[in-house]
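Note sheet for the following structure.
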Number of protein chains: 2
Amino acid sequence: MAITKKSIFNQQYNDVSDFGKALAHPARVMILEILVAENRCVSDLTERIPLAQSTISQHLKELKKHGLIDTEIVGKQNFYCINQSRYTELQSALTQMLKKVMIQTP
Amino acid sequence: MAITKKSIFNQQYNDVSDFGKALAHPARVMILEILVAENRCVSDLTERIPLAQSTISQHLKELKKHGLIDTEIVGKQNFYCINQSRYTELQSALTQMLKKVMIQTP
DNA sequence: AAACTTTATCGTAGAATTACGATAAAAATA
DNA sequence: TATTTTTATCGTAATTCTACGATAAAGTTT
């Protein structure tokens, strides 16, 4: 039973953990950082990140699953970009959670 | 080959993804939030989070693996607390990464 | 000492993740 | 039209994750 029991946790906890999952691999962190600077196609990302093209595609799919990025097909290339509203949504859930911690921090 | 190729990514990316992994389950987010408010023993956490005691222990082990929490044995109870320095370290790596995104946000 | 409490660990099982090569589909180029 | 480029998807394999019950170990209580 490796299915996370999401249903027993409220929205806020799931939002934070969704963002966590998206950030839970260095390649995905790198992808997000690259896409923040500029929209990029898969071959651009594959050049910059030393993983197989199919693996990069898989990571993009994972980010898309959490709604963090969108895609636009231009000719034979697929350009990816940050989904700002979803990003902001998850970011604020995380920031709120971190703030609570900051209070405790001396 | 499900081993994440951590070695090919730099420290900053790995720090962010480590924090991501720690936050990648709602139960762990909840645990961190509870421990920020007050140090707690396992039975306290098991009362608050609707998962089996052994599962809670596993999540605590995961958080400990990433250095986010420490433990202190008092009598027959094990109290857990936030490891502030590690927490701050990972938090700042994440915050720095988020800041880059904020610049882009309109 | 016997019974109880607390918690880590073991064993197990199913699901998800990470990784790659191979291949298919679609567009661009020669 | 044939070839090349680009990218998603399939197949596969190893590893990790999530979850629980059972149990062991260590302390507390009766």
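In the text below, chain A, chain B and the rest are named by the order of the sequence lines, each starting its count at 1. Given the structure is predicted, the values throughout are model-derived calculations rather than measurements. All values below come from the heavy atoms of this structure, side chains included, with hydrogens, waters and symmetry mates left out.
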| Sequence neighbours excluded, every pair satisfying side-chain hydrogen bond (donor to acceptor under 3.5 Å, both in side chains) that has a member inside residues 71-81 of chain A |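 Counting only pairs at least two positions apart or across chains, no side-chain hydrogen bond (donor to acceptor under 3.5 Å, both in side chains) contact touches residues 71-81 of chain A.
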| query | Which residues, if any, of residues 45-58 of chain A bring a heavy atom under 4.0 Å of DNA chain D? | reply |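 When residues 45-58 of chain A is checked for heavy atoms under 4.0 Å from DNA chain D, the hits, listed by number, are A:Gln53, A:Ser54, A:Ser57.
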| Which residues within residues 65-79 of chain B lie with some heavy atom under 4.0 Å of an atom in DNA chain D? |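 Residues of residues 65-79 of chain B under 4.0 Å from DNA chain D: B:Lys65, B:Gly75, B:Lys76.
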| query | Do other residues, nucleotides or ligands put more than 12 heavy atoms under 6.0 Å from the CD1 atom of A:Ile8? | reply |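 Yes.
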Whole angstrom is fine here: how far is it from [atom1] in [X] over to [atom2] in [N]?
X: A:Asn14; N: D:dT18; atom1: CG; atom2: P; result: 13 Å
X: B:Leu63; N: D:dT18; atom1: CG; atom2: P; result: 10 Å
X: A:Ile8; N: D:dT18; atom1: CD1; atom2: P; result: 13 Å
X: A:Asp18; N: C:dT17; atom1: CG; atom2: P; result: 11 Å
X: B:Asn39; N: C:dT7; atom1: CG; atom2: C1'; result: 17 Å
X: B:Lys61; N: D:dT18; atom1: NZ; atom2: P; result: 13 Å
X: B:Lys21; N: D:dT18; atom1: NZ; atom2: C1'; result: 17 Å
X: B:Leu60; N: C:dT6; atom1: CG; atom2: P; result: 16 Å

| task | Return the minimal non-hydrogen interatomic distance between A:Val42 and A:Ser57, and the atom names on each side. | result |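 Distance-wise, the nearest heavy atoms are CG1-OG, 4.2 Å.
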| message | If I compare all heavy atoms of B:Leu35 with all of B:Cys81, which pair ends up nearest, and what's the gap? | response |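 In this case the closest contact between B:Leu35 and B:Cys81 is CD1-N, 4.5 Å.
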| task | Working to the nearest 0.5 Å, report the span between CD1 of B:Ile49 and CD1 of B:Ile56. | result |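 Answer rounded to 0.5 Å: 4.5 Å.
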| field | Spacing of CZ belonging to B:Arg86 relative to CG belonging to B:Asp18, to within rounding of 0.5 Å | value |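 Nearest 0.5 Å value for the CZ-CG distance: 5.5 Å.
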| said: Tell me which pairs pass salt bridge (charged side-chain N to carboxylate O under 4.0 Å, His left out) where either residue lies in residues 52-71 of chain A, with sequence neighbours left out. | reply: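 Found A:Glu62-A:Lys65.
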| message | Does any part of the side chain of B:Ile34, heavy atoms only, come nearer than 4.5 Å to the side chain of B:Asp44, both counted from C-beta? | response |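 They are not in contact (no side-chain heavy atoms under 4.5 Å apart), so the answer is no.
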| message | With a 4.0 Å cutoff (strictly under), does any side-chain N or O of B:Tyr80 reach OP1 or OP2 of C:dA8? | response |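 Affirmative; the distance criterion is met.
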| said: With a cut-off of less than 4.0 Å, is there a side-chain N or O of B:His59 near OP1 or OP2 of D:dC17? | reply: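 Answer no for this pair, as no side-chain N or O of B:His59 is under 4.0 Å from OP1 or OP2.
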| query | Under the 3.5 angstrom rule, does the side chain of A:Arg28 hit a backbone N or O of A:Lys21 as a donor-acceptor pair? | reply |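 Here the side-chain-to-backbone pair exists.
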| query | Okay, side chain of B:Asn14, backbone of A:Pro26: is any donor-acceptor separation there less than 3.5 Å? | reply |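 A pair under 3.5 Å: no.
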| said: If you assign A:Arg28 and B:Cys41 each to the DNA chain C nucleotide with the nearest heavy atom, which residue ends up on the more 5' nucleotide? | reply: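 Result: B:Cys41.
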| message | I'd like to check the ring-ring contact (aromatic ring centres under 6.0 Å, His included) partners of B:His59; sequence neighbours left out, ordered by chain and number. | response |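 Partners of B:His59 by the ring-ring contact (aromatic ring centres under 6.0 Å, His included) criterion, ordered by chain and then number, come out as B:His25.
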| Stem list, DNA chain D (Watson-Crick or G-U pairing under 3.5 Å, at least 3 consecutive pairs) |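 DNA chain D stems, ordered by first number: C:1-30 with D:1-30.
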